[in-house]
Amino acid sequence: MHFSGHGAEQGQILLEDEQGQVRLVQPQALAALFAALGSGIRLVFLNACFSALQARAIVPHVDCVLGMPAETEDGASITFATSFYQALAYGRDVQTAFDLGCVQIDLDNLDESNKPTLLAERVDPRQVIF
């Protein structure tokens, strides 16, 4: 699952309702959603500013979760995601894909704070291949 959007400094992700109003989604709400969905979801990428709190909340329910620890520039997010998904498409494991995404941020001389975090409690991300 990939979420690309906005996050708040307090760790919520921002969604828009039917009336166009912003709704803050708390980490525990997203954790409850993934707990209810069961163990079939292997990877969640929360490509939003300050989404590391959300990632920590849902990692008990999902094999691998990526979240952004701080405010993130769009260019760095796109650079990381492109490299990450290319590596997965070429059969690399999640850990290697994550590492390659981080290397691409370095190669492009982008801000180090734009790197996401990879969390995995239930599996070794070096063993997760799609």
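It should be emphasised that the depicted structure is a prediction, and the values quoted were computed from it without experimental measurement.
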Rounded to the nearest 0.5 Å, how far apart are [atom1] of [X] and [atom2] of [Y]?
X	Y	atom1	atom2	answer
H61	L30	NE2	CG	9.5 Å
D124	C64	CG	SG	8.5 Å
Q104	D99	CD	CG	13.0 Å
Q10	Q26	CD	CD	9.0 Å
E73	I78	CD	CD1	11.0 Å
R92	I129	CZ	CD1	9.5 Å

For this session: Can you run down the ring pair (Phe, Tyr, Trp, His ring centres under 6.0 Å) pairs that involve residues 90-121, sequence neighbours left out, and say none if there aren't any?
Result: F80-F98
Do [X] and [Y] sit in the same hydrophobic cluster, where Ile, Leu, Val, Met, Phe, Trp and Tyr count as joined when their side-chain heavy atoms come under 4.5 Å apart?
X	Y	answer
M1	V65	yes
I41	F45	no
L118	Y85	yes
L119	L37	yes

Name the atoms and distances for all side-chain donor-acceptor pairs under 3.5 Å in residues 47-59, with sequence neighbours left out.
{"unit_1": "N47", "atom_1": "OD1", "unit_2": "S77", "atom_2": "OG", "d": "3.3"}
{"unit_1": "S51", "atom_1": "OG", "unit_2": "L46", "atom_2": "O", "d": "2.8"}
{"unit_1": "S51", "atom_1": "OG", "unit_2": "A48", "atom_2": "O", "d": "2.8"}
{"unit_1": "S51", "atom_1": "OG", "unit_2": "M68", "atom_2": "N", "d": "2.8"}
{"unit_1": "Q54", "atom_1": "NE2", "unit_2": "G11", "atom_2": "O", "d": "3.1"}
{"unit_1": "Q54", "atom_1": "NE2", "unit_2": "V25", "atom_2": "O", "d": "2.8"}

Can you check whether [X] reaches [Y] side chain to side chain, under 4.5 Å on heavy atoms?
X	Y	answer
D93	V128	no
L43	V62	no
L66	V44	no

What closest approach, in Å, do [X] and [Y] show between heavy atoms, and which atom pair accounts for it?
X	Y	value
V94	F84	O-CE1, 3.9 Å
L14	A8	CD2-CB, 4.3 Å
K115	D106	NZ-OD1, 2.8 Å

Exercise. Do any N or O atoms from the side chain of S83 and from the backbone of L100 form a donor-acceptor pair under 3.5 angstrom?
Worked result: yes
I'd like to know whether [atom1] of [X] has more than 12 heavy-atom contacts from other residues, nucleotides or ligands below 6.0 angstrom.
X	atom1	value
R122	CZ	yes
Q28	CD	yes
H2	NE2	yes

For this session: Please list, chain by chain and in numerical order, all residues satisfying side chain to side chain contact (heavy atoms under 4.5 Å, CB included) with Q19, sequence neighbours excluded.
Result: D17, Q21
